[in-house]
Amino acid sequence: MTIRLPGSGGALRTYEPRTEPLAVTPGTPFTSRTVFSAAHVVADPFADVSPDSPAAVDWDATLAFRRHLWSHGLGVAEAMDTAQRGMGLDWAGAAELIRRSAAEAKAVGGRIACGVGTDQIASGPLAEVRAAYEEQLALVEESGAQAILMASRALAAAASGPEDYLEVYGHLLRQSAEPVVLHWLGPMFDPALEGYWGSSDLDAATDTFLEVIAAHPDKVDGIKVSLLDAQREIDIRRRLPKGVRCYTGDDFNYPELIAGDEQGFSHALLGIFDPLGPLAAQAVRVLDTGNVQGFRELLDPTVGLSRHLFQTPTRFYKTGVVFLAWLAGHQSHFTMVGGLQSARSLPHFATAYELADGLGLFPDPKLAEERMKTLLSTYGVNQ
């Protein structure tokens, strides 16, 4: 069987899909690395909503996908940017997602950490930003999940310099019940976060970020760095206080960062591990045995797909993630909250399908092929 796919120039090319998926099986949690997959939400395709409406979520399918990730030993990073926080999912929807997912994690014994932000307000003075953070932190802690302090658009707008970040984060860390993960999300993921930590100079911003951690090392489990800059992450990692972990959020360079070097390694909290979940889990189990080469042989070939999904505008990577979940059979439709399924082009989808199929990511390659042909037909591509 073959399928005709469009290229970037508009011409059709013939592709022969694989017939067997990669052989992977669920397994136990890992021993050498802590690994979270940031997880997407599944929209309710029958809800009568517009892109400006509150998100309509298919809760059964959304929670089923989290059980899929847990079954492979992965932790779930919930209500993060992969779940379309600030891009279709508002705070009310995120709060419900946190409550439901945390309860599901408790029921099945899965690990979960949840995003704490300020998206219930658009802007405001520092006192309101801090109060918004406090409200979300309380909800996450009450749910029993670990907190991930996410970067805040409102804080970026209200802060006048590094001292404001030190004050707000210091206040939150002092009152947190358990150690949190600090998330530095770069402007390639969200342009509103330009100049975070009080400076557009990354060296100066890094110093402020590390100053926050150094002042409260007992309240920081780890940091998630999403700057798509491998060397900067390594440099930050080497400057962390003892016991504070680095969770890579680098969807371009994750194999080398997780593998590490003679001076250390990164754990992982990655959006790309949503579609790569089973394969990534298998690779980390190989790494658990000390086989770095085997780990790289499994994970290195996935980087091409990840770089494709996260190409600029990077913030629209969620569209590719949900597209692959549909092809893989994790949901019955390709609809997203906020109508974000329209954020990538048909050639982009075609390449994503080809790369994912080549990796053996689809449990049922025939189903993926049929669904890809269905999408193509809606664009006028007949087979």
Side-chain angles (χ1 to χ4, degrees), residues 36-41 77-91 94 113-123 129 132-133 136-137 140 146-159 162 164-165 168-169 172-173 180-202 204-206 208-210 212-213 220-230 232-233 236-237 245-254 257 266-274 306 309-319 321 340:
F36 289 95
S37 166
H40 73 279
V41 293
E78 188 57 277
M80 303 290 289
D81 56 299
T82 303
Q84 296 182 241
R85 286 289 290 271
M87 290 185 68
L89 187 72
D90 61 11
W91 167 235
C114 298
V116 171
T118 63
D119 46 331
Q120 69 271 54
I121 63 172
S123 62
V129 173
Y133 263 130
Q136 295 199 16
L137 178 61
V140 169
Q146 183 178 17
I148 302 171
L149 293 186
M150 300 193 300
S152 161
R153 294 174 180 172
L155 179 55
D164 289 334
Y165 290 89
V168 170
Y169 277 93
L172 294 169
L173 290 172
V180 307
V181 176
L182 296 180
H183 185 192
W184 185 356
L185 189 70
M188 68 287 293
F189 290 94
D190 187 342
L193 299 176
E194 179 65 46
Y196 212 73
W197 304 111
S199 179
S200 294
D201 181 312
L202 289 180
T206 296
T208 302
F209 183 46
L210 290 170
V212 170
I213 299 163
V220 181
D221 164 71
I223 62 168
K224 170 176 160 57
V225 183
S226 300
L227 298 175
L228 304 182
D229 183 337
R232 182 165 297 277
E233 177 174 322
I236 292 173
R237 187 173 76 194
R245 308 180 194 195
C246 181
Y247 293 93
T248 186
D250 189 330
D251 300 279
F252 284 2
N253 305 291
Y254 51 92
L257 291 165
S266 294
H267 300 270
L269 199 166
L270 287 160
I272 191 57
F273 280 7
D274 180 303
S306 188
L309 295 183
F310 285 77
Q311 68 183 230
T312 55
T314 305
R315 64 188 182 277
F316 294 125
Y317 77 87
K318 297 95 166 170
T319 300
V321 165
L340 209 62

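All figures in this text were calculated on a predicted structure; none of them were measured in a lab.
The shortest side-chain heavy-atom distance between Asp250 and Val225 does not fall under the 4.5 Å cut-off. Put simply, the side chain of Leu182 does not reach to within 4.5 Å of the side chain of Lys224, judged on heavy atoms. When side chains are defined from C-beta on, Asp81 counts as touching Leu185, because their heavy atoms get closer than 4.5 Å. With contacts defined as side-chain heavy-atom distances shorter than 4.5 Å, the pair Tyr317/Thr82 qualifies. The shortest distance between side-chain heavy atoms of Val140 and Ile148 does not fall below 4.5 Å. Residues Phe36 and Met80 have side chains not in contact (no heavy-atom distance under 4.5 Å, counting atoms from C-beta outward). Residues Asp221 and Gln146 have side chains in contact (heavy-atom distance under 4.5 Å, counting atoms from C-beta outward). Annotation: side chain of Thr208 is not in contact with side chain of Ser199 (no heavy-atom distance under 4.5 Å).
Looking at residues two or more places apart in sequence or on another chain, you find a ring pair (Phe, Tyr, Trp, His ring centres under 6.0 Å) between Tyr165 and Tyr196, Trp197. For Phe316, the ring pair (Phe, Tyr, Trp, His ring centres under 6.0 Å) criterion is met by no residue, not counting sequence neighbours. Not counting sequence neighbours, Thr319 has no partner by the side chain to side chain donor-acceptor pair (under 3.5 Å) test. Here Ser200 pairs with Glu194 under the side chain to side chain donor-acceptor pair (under 3.5 Å) rule; sequence neighbours left out. For His267, the ring pair (Phe, Tyr, Trp, His ring centres under 6.0 Å) partners at least two apart in sequence or on another chain are Tyr247, Phe265. Under the side chain to side chain donor-acceptor pair (under 3.5 Å) criterion, Thr314 pairs with no residue at all, not counting sequence neighbours.
Atom CG of Asp274 is separated from atom CG of Leu309 by 10.0 Å, given to the nearest 0.5 angstrom. Taking CG of Asn253 as the start and CG of Leu228 as the end, the distance is 7.5 Å to the nearest 0.5 Å. To the nearest 0.5 Å, atoms OG1 (Thr118) and CD (Gln120) are separated by 6.5 Å. Separating the CZ atom in Phe252 from the CD atom in Gln311 is a distance of 8.5 Å, to the nearest 0.5 Å. Separation of atoms CZ (Arg315) and CE (Met87) is listed at 6.0 Å; rounding is to 0.5 Å.
A donor-acceptor contact shorter than 3.5 Å links the side chain of Asp251 to the backbone of Ile272. Judged by distance alone, the side chain of Gln136 and the main-chain N or O of Gly117 form a donor-acceptor pair under 3.5 Å. Of the possible donor and acceptor atoms, one in the side chain of Arg237 sits under 3.5 Å from a partner among the backbone N and O of Leu257. Between the side chain of Arg85 and the backbone N or O of Ala79, at least one donor-acceptor pair lies under 3.5 Å. Checked by atom type and distance alone, the side chain of Gln84 never pairs as donor or acceptor with a backbone atom of Val41 at under 3.5 Å. Ser37 places a side-chain N or O within donor-acceptor distance of the main-chain N or O of Phe273, the cut-off being under 3.5 Å. Distance alone, capped at 3.5 Å, places no donor-acceptor pair between the Tyr254 side chain and the Leu269 backbone.
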Verdict with supporting geometry, Ile223 and Phe209, side chain to side chain contact (heavy atoms under 4.5 Å, CB included): CA-CA 10 Å; Ile223 62 168; Phe209 183 46; 3.7 Å; yes
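The two atoms that bring Leu227 and Gly186 nearest to each other are CD2-CA, 3.7 Å, heavy atoms only. Ala83 approaches Glu78 most closely through the heavy-atom pair CB-OE1, 4.4 Å. Summarising the geometry of His183 relative to Ser226, their closest heavy-atom pair is NE2-OG, 3.1 Å, with the distance given to 0.1 Å. Scanning all heavy atoms of the two residues, the minimum distance from Leu172 to Leu137 falls at O-CD2, 4.1 Å. For the residue pair Leu193 and Ala151, the shortest heavy atom distance occurs at CD1-CB, 3.8 Å. Contact between Tyr169 and Val212 at its shortest, heavy atoms only, is CB-CG1, 3.8 Å.
A donor atom on one side chain and an acceptor atom on the other are not found under 3.5 Å apart for Ser266 and Thr248.
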